[in-house]
Amino acid sequence: SRLMGEELLALGKFGLYRWDVPGFIVNGSDALRAAWISGFFEAEGHVYWNEKHHARQVCATSVNKAGLEQVRSMLSGLNINSTFGLLNKAAPEKNTLDSYRINIHYHADIKRYRDVVGFISSRKREKLDAPISSYERELVHRYTVKEHESAILARRRLGETHAEIAQSIGLERETVAAVCYRNNVE
């Protein structure tokens, strides 16, 4: 109805290139801002995870630079750090516009995004849990290796093979070899 349309238009600007976050959301409670961001990232965001290169990000993309800057500011207000920048430069010959991206990179911020904002769909929630779990497994492994490093080096200096050390400590042979190599212990 016309009345409903007028009510919606009173909330803020709409449209692909000029939308903004309504003032009552920007100035609202943390829960209200988190809910709005969750909806926005559900529509415009994705989880990027490349396990081989240890790359983990939650991203959102738009051609509306000012709108994304508002979203980034709201994320910051929820203590979620992010980066912001030009993703693709406009190419008039291809009929494209500049596009911008918010990236949430760091493990603590990705985890906070999950805990405070989250995704609406189970598909995106599951996609977000995978890199967080992977990072936590890596962290445990890294601490385990660091904890055993002096024992690995001492045993290698006594002549034990990488395989013998690995089996007795419970690490991969390649991990033991990497510790020895990094510390110049043949």
Side-chain angles (χ1 to χ4, degrees), residues 29-61 68-69 71-88 100-186:
S29 68
D30 286 354
L32 182 62
R33 285 180 293 163
W36 192 94
I37 293 169
S38 180
F40 178 77
F41 271 78
E42 188 69 34
E44 305 297 333
H46 69 277
V47 175
Y48 173 77
W49 178 38
N50 182 320
E51 192 168 15
K52 180 179 178 185
H53 295 106
H54 307 285
R56 302 163 179 90
Q57 299 176 30
V58 176
C59 311
T61 305
L68 274 185
E69 287 172 337
V71 174
R72 183 169 184 231
S73 177
M74 290 194 314
L75 284 166
S76 181
L78 296 171
N79 296 315
I80 300 170
N81 298 306
S82 62
T83 59
F84 176 83
L86 181 67
L87 176 63
N88 291 312
Y100 301 89
R101 177 174 282 172
I102 294 172
N103 294 306
I104 303 169
H105 296 276
Y106 298 109
H107 172 70
D109 295 308
I110 292 171
K111 195 170 178 181
R112 182 150 175 83
Y113 175 88
R114 180 195 63 190
D115 297 343
V116 174
V117 176
F119 284 111
I120 296 167
S121 69
S122 59
R123 178 183 62 83
K124 284 190 176 181
R125 280 194 310 267
E126 289 167 8
K127 209 169 176 186
L128 181 57
D129 283 339
I132 290 171
S133 297
S134 165
Y135 181 85
E136 289 169 352
R137 281 190 309 274
E138 270 179 39
L139 212 51
V140 167
H141 179 73
R142 206 174 303 145
Y143 284 124
T144 301
V145 170
K146 196 71 177 159
E147 182 180 294
H148 292 291
E149 188 169 293
S150 60
I152 291 169
L153 298 173
R155 292 171 77 165
R156 184 68 185 127
R157 287 183 183 112
L158 292 172
E160 285 187 49
T161 68
H162 295 154
E164 291 168 336
I165 297 167
Q167 184 176 11
S168 67
I169 293 178
L171 295 173
E172 297 290 323
R173 188 196 64 74
E174 291 82 7
T175 302
V176 171
V179 168
C180 294
Y181 177 79
R182 191 172 57 241
N183 289 280
N184 296 317
V185 174
E186 295 297 323

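Along the sequence shown, residues are numbered consecutively beginning with 1. Any value given below was found using the heavy atoms of this structure, including those in side chains, with hydrogens, waters and symmetry copies removed.
For the residue pair A60 and L68, the shortest heavy atom distance occurs at O-CD1, 4.2 Å. Counting all heavy atoms, side chain and backbone alike, K124 lies closest to F41 at NZ-O, 3.4 Å. Minimum heavy-atom separation, R101 to T61: NE-OG1, 3.1 Å. What you find for S82 and I104 is that their closest heavy atoms are CB-CG1, 4.0 Å. Contact detail for A163 and R173: the closest heavy-atom pair is N-CG, 3.7 Å. Here the shortest heavy-atom pairing between G118 and S38 reads O-OG, 3.0 Å.
For E164, the CD atom counts as densely surrounded, since its 6.0 Å shell holds more than 12 non-hydrogen atoms of other residues, nucleotides or ligands.
With rounding to the nearest 0.5 Å, the separation of CD1 in I165 from NE2 in H148 is 12.5 Å. With rounding to the nearest 0.5 angstrom, the CD1 atom of I132 is 4.0 Å from the CZ atom of R114. Remark: R72 CZ to N103 CG distance equals 9.5 Å, nearest 0.5 Å. Note that CG of N81 is 4.0 Å distant from CG of D109, once rounded to the nearest 0.5 Å. The CG atom of L128 lies 12.0 Å from the NE2 atom of H46; values are rounded to the nearest 0.5 Å. Rounding to the nearest 0.5 Å gives a distance of 7.5 Å between CG of N183 and CZ of R157.
Between F84 and Y100, the two ring planes are parallel [angle under 30°; tilted spans 30° to 60°].
Side-chain contact check for L75 versus I102: some heavy-atom pair is nearer than 4.5 Å.
In this structure a side-chain-to-backbone donor-acceptor pair under 3.5 Å is present from R125 to I120. A distance-only check finds a donor-acceptor pair linking the side chain of R156 to the backbone of E160 [under 3.5 Å].
Applying the salt bridge (charged side-chain N to carboxylate O under 4.0 Å, His left out) test to residues at least two apart or on different chains, the pairs with a partner in residues 29-45 are D30-R33. Listed by first and then second residue, the salt bridge (charged side-chain N to carboxylate O under 4.0 Å, His left out) pairs involving residues 175-185 are E149-R182 (not counting sequence neighbours).
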Problem set entry | Check against side-chain contact (heavy atoms from CB on, under 4.5 Å), L78 and Y113 | CA-CA 9 Å; L78 296 171; Y113 175 88; over 6 Å; no
